[in-house]
There are 2 protein chains.
Amino acid sequence: MAERRGAKVASIVAAAWDLAHREGIGGVTLHGLARAVGMRQPSLYAYFDSKNALFDAMFADGNRQLLERLEAVRLPREPRAALKAFMRAFVRFVVEDPTRYLLLFQRPVPSFVPSPASYEPAQQFLARTVELLRAAGVEDLGDIDCFVAMIAGLVDAQIGNDPGGRRWIRHLDRLIDLYIDDAIQRRSHDR
Amino acid sequence: MAERRGAKVASIVAAAWDLAHREGIGGVTLHGLARAVGMRQPSLYAYFDSKNALFDAMFADGNRQLLERLEAVRLPREPRAALKAFMRAFVRFVVEDPTRYLLLFQRPVPSFVPSPASYEPAQQFLARTVELLRAAGVEDLGDIDCFVAMIAGLVDAQIGNDPGGRRWIRHLDRLIDLYIDDAIQRRSHDR
DNA sequence: GTCTATACATCGATAGAC
DNA sequence: GTCTATCGATGTATAGAC
């Protein structure tokens with residue numbers, strides 16, 4: 001049965017996340033991970049071809065968690081409320097696990113480049129965001145860029161300067177309104 | 001003469017920046033740096049007590065460059081225009097050298113913590129920004145937080161996704177207006 | 001699949017001669 | 001101040017027995 005093997009791989013990835021939470025992403029070493037799962041370091045190569053493959057599995061796992069979470073969100077019919085609900089869920093996902101956010105969105109491991117397959121869910125998330133933005137009246141590509149950058153700036157500041165708090169993310173709803181209103185106003189002005 | 005020594009230290013720091021530009025901050029090793037300046041690795045310890053001391057010297061040097069640049073900016077009398085000129089200079093400083101930005105504002109070296117003396121100019125910069133924001137009518141601490149986070153999000157997106165381009169930073173002026181107007185409007189509303 | 005043993009590389013830091 | 005020599009730690013990866 002290949003099921004056994006898959007379960008084992010999943011448990012190793014889970015242990016890797018646990019290790020990353022305690023020691024930071026850079027603290028994830030094959031020696032440490034092997035110790036955490038009760039194995040010797042070379043034995044890990046039965047499950048991952050390289051350390052990069054391990055990171056890629058973690059990256060894919062994190063993206064899977066993200067999509068799973070966002071797909072579970074009940075979106076209101078009203079476009080603006082839907083966008084807010086969606087972004088709130090994203091922000092909650094991010095701040096509840098800064099380490100995961102770092103690996104998924106900040107590339108803290110210079111040598112690691114995610115494979116296209118692992119990267120695809122992240123693009124899916126961005127596409128969904130753009131879709132909701134458009135529905136809410138933000139269609140200009142520049143406006144979308146600004147919105148995405150603003151969200152990133154907000155969560156970065158939150159995680160970097162006030163982890164566990166709400167100093168920055170408490171402004172999320174208000175800023176969303178600000179950006180949407182501005183985009184709509186400028187769109188009507190351009191006509 | 002201690003001048004000679006100071007000049008040598010400065011030239012080593014300059015070589016370290018050069019190395020960082022080519023190999024990334026993480027690629028700055030004492031072996032590589034020594035090779036770049038025509039020395040052997042242990043000889044660097046005549047100028048820096050540790051690798052941390054080297055990073056601290058680079059950090060201080062980068063902050064000195066930042067203050068030097070910003071102090072040279074001629075600020076218009078009108079507060080809003082002054083804020084824009086100041087932030088434009090900051091953004092220009094940042095995008096012209098992403099590596100320097102990384103070391104100064106992103107802490108890409110987990111083990112490195114800047115000394116208080118090296119960190120002070122960065123606080124000076126933030127204080128000046130807050131001062132200009134206040135003069136332009138942004139006084140609420142939450143509004144200041146949001147503004148700073150927005151700027152950071154903008155330059156992060158620019159450097160990360162379109163280095164050398166202007167896709168994000170071209171919106172700088174407009175976004176500054178947006179934030180100022182909103183802050184002023186909400187301030188008058190609260191009364 | 002898991003182990004022991006080990007190769008191989010990188011890097012920071014120290015000792016001591018000159 | 002600069003050198004040679006070397007230590008010691010860390011970390012990825014491979015070889016080969018079981």
Side-chain angles (χ1 to χ4, degrees), chain A residues 1-59 99 103 107-115, chain B residues 1-59 99 103 107-115:
Chain A
M1 273 213 201
E3 291 300 324
R4 280 269 172 268
R5 182 187 170 81
K8 183 89 184 196
V9 168
S11 78
I12 294 176
V13 169
W17 278 120
D18 195 58
L19 194 58
H21 292 143
R22 292 199 313 271
E23 316 273 350
I25 295 284
V28 176
T29 69
L30 296 182
H31 282 98
L33 177 57
R35 195 180 324 121
V37 296
M39 292 172 67
R40 303 293 177 165
Q41 175 254 349
S43 305
L44 289 175
Y45 282 83
Y47 301 98
F48 303 97
D49 290 340
S50 66
K51 192 179 183 184
N52 232 286
L54 168 68
F55 278 132
D56 203 49
M58 295 176 73
F59 186 84
T99 301
L103 182 61
R107 293 305 136 71
V109 186
S111 63
F112 164 60
V113 179
S115 64
Chain B
M1 271 213 202
E3 290 302 325
R4 280 268 172 270
R5 182 188 169 81
K8 184 89 185 198
V9 168
S11 79
I12 294 176
V13 169
W17 278 120
D18 194 59
L19 194 58
H21 292 144
R22 292 198 312 269
E23 315 274 349
I25 295 285
V28 176
T29 69
L30 295 183
H31 283 95
L33 177 57
R35 195 179 326 119
V37 297
M39 292 171 68
R40 302 293 177 163
Q41 175 253 349
S43 305
L44 289 175
Y45 282 83
Y47 301 98
F48 302 97
D49 289 340
S50 67
K51 192 181 183 183
N52 232 287
L54 168 68
F55 277 133
D56 203 50
M58 295 175 73
F59 186 84
T99 302
L103 182 61
R107 293 305 136 68
V109 186
S111 62
F112 165 60
V113 180
S115 64

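Please read these numbers as outputs of a predicted model, since none were measured by experiment. Below, read A as the first sequence line, B as the second, and so on, with proteins coming before strands; counting in each chain starts at 1.
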**Student:** For chain A and DNA chain D, what are the first and last nucleotides along the strand, 5' to 3', with at least one atom under 4.0 angstrom from a heavy atom of the protein chain?
**Tutor:**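 Counting from the 5' end, contacts occupy D:dG11 to D:dT14.
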**Student:** Output one letter per nucleotide in nucleotides 8-15 of chain C: B when a protein non-hydrogen atom lies under 4.0 Å from the base, S when only the sugar-phosphate is that close, - when neither is.
**Tutor:** ---BBBB-
**Student:** With each end axis built from five pairs of C1' atoms, what bend angle do you get for the helix from C:dG1-D:dC18 to C:dC18-D:dG1? Round to 10°.
**Tutor:**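 Axis-to-axis angle, ends of the helix: 10°.
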**Student:** Where is the tightest heavy-atom contact between B:Arg107 and B:Phe112, given as atom of each residue plus distance?
**Tutor:**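 Closest approach of B:Arg107 to B:Phe112: CD-O, 4.4 Å.
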**Student:** Distance-only criterion, 3.5 Å: show the donor-acceptor pairs between side-chain atoms of residues 7-21 of chain A and protein atoms not counting sequence neighbours.
**Tutor:**
| unit_1 | atom_1 | unit_2 | atom_2 | d |
| --- | --- | --- | --- | --- |
| A:Ser11 | OG | A:Lys8 | O | 2.8 |
| A:Trp17 | NE1 | A:Asp61 | OD2 | 2.9 |
| A:Asp18 | OD2 | A:Arg22 | NH1 | 2.5 |
| A:His21 | ND1 | A:Trp17 | O | 3.2 |
| A:His21 | NE2 | A:Asp97 | OD1 | 3.0 |
| A:His21 | NE2 | A:Asp97 | OD2 | 2.8 |

**Student:** Please list every donor-acceptor pair under 3.5 Å in which a side-chain atom of residues 32-43 of chain B meets a protein atom from a residue at least two apart or in another chain.
**Tutor:**
| unit_1 | atom_1 | unit_2 | atom_2 | d |
| --- | --- | --- | --- | --- |
| B:Ser43 | OG | B:Arg40 | O | 3.4 |

**Student:** Between atom CG of A:Leu30 and atom OH of A:Tyr45, what is the distance when rounded to the nearest 0.5 Å?
**Tutor:**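 Here the rounded value is 5.0 Å.
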**Student:** In residues 47-56 of chain B, what donor-acceptor pairs under 3.5 Å come from side-chain atoms, sequence neighbours left out?
**Tutor:**
| unit_1 | atom_1 | unit_2 | atom_2 | d |
| --- | --- | --- | --- | --- |
| B:Ser50 | OG | B:Asn52 | N | 3.3 |
| B:Ser50 | OG | B:Ala53 | N | 3.2 |
| B:Lys51 | NZ | B:Val28 | O | 2.8 |
| B:Asp56 | OD1 | B:Ser115 | N | 2.9 |
| B:Asp56 | OD1 | B:Ser115 | OG | 3.4 |
| B:Asp56 | OD1 | B:Ser118 | OG | 3.3 |
| B:Asp56 | OD2 | B:Ser115 | OG | 2.7 |
| B:Asp56 | OD2 | B:Ser118 | OG | 2.9 |

